[in-house]
Q: 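One structure coming up, written as structure tokens, with questions to follow.
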Protein chains: 2
Amino acid sequence: MVSKLPRKQRERLEREELILEHAQRLLGRDGFQDFNLDELARAVEYSKGTLYLHFETKEDIALAVSTRVMEMRANLFERASAFNGSTRQRAAAIGYAARKFALEHPDHFCLQMMLKSNSFWEKSSPDRRRLHGIQTGRSFNFVNQIVTDAIVAGDLPPGTPAHVVTISLISTTIGSQVAGTEPDLQMLSGNGELSALMRLCQDRMCDGWQWRPLSTSSDWDYAAVESRIRAEIFTED
Amino acid sequence: MVSKLPRKQRERLEREELILEHAQRLLGRDGFQDFNLDELARAVEYSKGTLYLHFETKEDIALAVSTRVMEMRANLFERASAFNGSTRQRAAAIGYAARKFALEHPDHFCLQMMLKSNSFWEKSSPDRRRLHGIQTGRSFNFVNQIVTDAIVAGDLPPGTPAHVVTISLISTTIGSQVAGTEPDLQMLSGNGELSALMRLCQDRMCDGWQWRPLSTSSDWDYAAVESRIRAEIFTED
DNA sequence: CTTTTTATTGACTTAGAGTCAAAACGAGGC
DNA sequence: GCCTCGTTTTGACTCTAAGTCAATAAAAAG
């Protein structure tokens, strides 16, 4: 990332990064509705006009923040997918990354959902929408690669449709993150840990596709796998 | 529902209903951001001041709309849970209801998510929050009852934790509805039907818990079950 | 040091949420 | 009918915050 860009362009990117850092903080604290650009301008010590040199609208800033966060998620997935082990263990590593992300950004998908509402999408710039799609795609591909490997290795039944398995895993992971942070549902299901719920959902979905070894089988020692994931992939943090 | 309330109170409720109908339409069309109360007032042919006799804030209206929609969902679940058959077939009936709902209200959970963001929740009245929780609870309970019956009947392994199964099914259903309507993911996973994705996720999650008969077994003829569900439960619509 | 170009600003416009004094309505009495 | 008093409804008004753009400052060129 040591860029050889001309100073001007480099400074511009640095300032954009500064804006996004503060925007992320304020969005997290206040939610999109109460997130206000006068305060953001004050925080970054530039004028409101300058913010509009980088972003077209408030929505555009939120989309850029979401993309930034999605990029972090995809980076976690990237690291996880390098885990050395059976395909099911590698899936567990991605699952671990998804849970780690959920604990660090529990309300990310609130913002994410918002971005998809009718009025929102069209107010953000096409270019930023593209960048957002790319990060979503990266996450998808890391999961999909492991699923494909599993089919090739025979850990998933032959003829299993890779894309569908991938999207089902993503669905259940997003769903459990969302459901696990929703106060009404938390109450009803008896205040468990978000992370535990997510893991259960991921495991059962893999089992449902008959991804071997099943989490109920004697070949599967999750605790051991998790401590290896922690030690080998997510050491420092 | 033929109320014996004094005329005044009845008229008030009818007006509230009128407001919510229009609010739902406008929210669906424009999203929360662009949903504006002057237009709503014009649509219902009352002044903005009158809207504020019913609701404390714009957020409060959105929450009430969400509650109304959640009530419809719970009502679909209620009808589905009366299906006569094995526990797994009854689960399929609820799944069918969830998919029917998803097709009618594909972006409901966008609004729903929004309601949970920091700033939003505290702007709505406690009373409406309570009502929202009740409808969420109804949906939860219809699912949970079937899960409990399945454990008693031995269709799920003994000792399976009912609440966790229930929340996992809700998670995967919400997750697949959300993921299936997200443009980026739709593109990546190859533009399938929302309904087909949701069904797959539901089935595989049930299979993951070993809910018998498994969807892969020869005892399971989904097409036959679905046509019975359609005929017996969701005939007229 | 002067001119030209580029970057930055913050006062201004505008839209829309939320308020409240005044107007309209309605029930009861005469 | 019509006057009085309490209740309901209203829409003009205030205020906040997104988005604009003419004016200013800084940098580059001459």
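Below, chains carry the letters A, B, ... as their sequence lines are ordered, and counting in each starts from 1. All of these numbers come straight from a predicted model, not from anything done at the bench. Because only heavy atoms are used, hydrogens play no part in the values below, and waters and symmetry mates are left out as well, while side chains stay in.
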Q: Starting at the 5' end of DNA chain D and moving along, which residue's nearest nucleotide shows up first, A:Gly49 or A:Leu37?
A: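 Result: A:Leu37.
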
Q: Can a donor-acceptor pair be found between the side chains of A:Gln112 and A:His132 at a distance below 3.5 Å?
A: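 A:His132 and A:Gln112 do have a side-chain donor-acceptor pair below 3.5 Å.
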
Q: Give one of base, sugar-phosphate or nothing for A:Phe35, where a contact means two heavy atoms less than 4.0 Å apart.
A: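 Since only primed, P, OP1 and OP2 atoms lie under 4.0 Å of A:Phe35, the category is sugar-phosphate.
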
Q: Measuring from B:Phe109:CZ to B:Met70:CE, what's the distance to the nearest 0.5 Å?
A: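 If I round to the nearest 0.5 Å, the distance is 6.0 Å.
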
Q: Find the distance A:Asp34:CG to C:dG18:P and express it as a whole number of Å.
A: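 Those two atoms, CG and P, are 11 Å apart.
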
Q: Tell me: CD of B:Gln33 to C1' of D:dA18, nearest whole Å?
A: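 Value for this atom pair: 10 Å.
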
Q: Compare side-chain N and O positions of B:Ser47 against OP1 and OP2 of D:dG11 and report whether any pair is under 4.0 Å apart.
A: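 Looking at the OP1 and OP2 atoms of D:dG11, neither is under 4.0 Å from any side-chain N or O of B:Ser47.
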
Q: Does the side chain of B:Gln202 come under 3.5 Å of the side chain of B:Arg199 through a donor N or O and an acceptor N or O?
A: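 There is no such pair between these side chains.
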
Q: So which nucleotide from D:dT10, D:dA18, C:dG18 ends up closest to the side chain of B:Glu59?
A: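 Nearest to the side chain of B:Glu59 among the choices is C:dG18.
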
Q: Quick one: the side chain of A:Lys48 and the base of D:dG19, do they pair up donor-acceptor inside 3.5 Å?
A: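 Under the 3.5 Å cut-off, the side chain and the base do form a donor-acceptor pair.
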
Q: Just checking B:Arg15: base, sugar-phosphate only, or nothing, at a heavy-atom cut-off of under 4.0 Å?
A: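 Sugar-phosphate contact only.
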
Q: Which of the following nucleotides, D:dT9, D:dA18, C:dT9, is nearest to the side chain of B:Leu53?
A: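 The closest nucleotide is D:dT9.
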
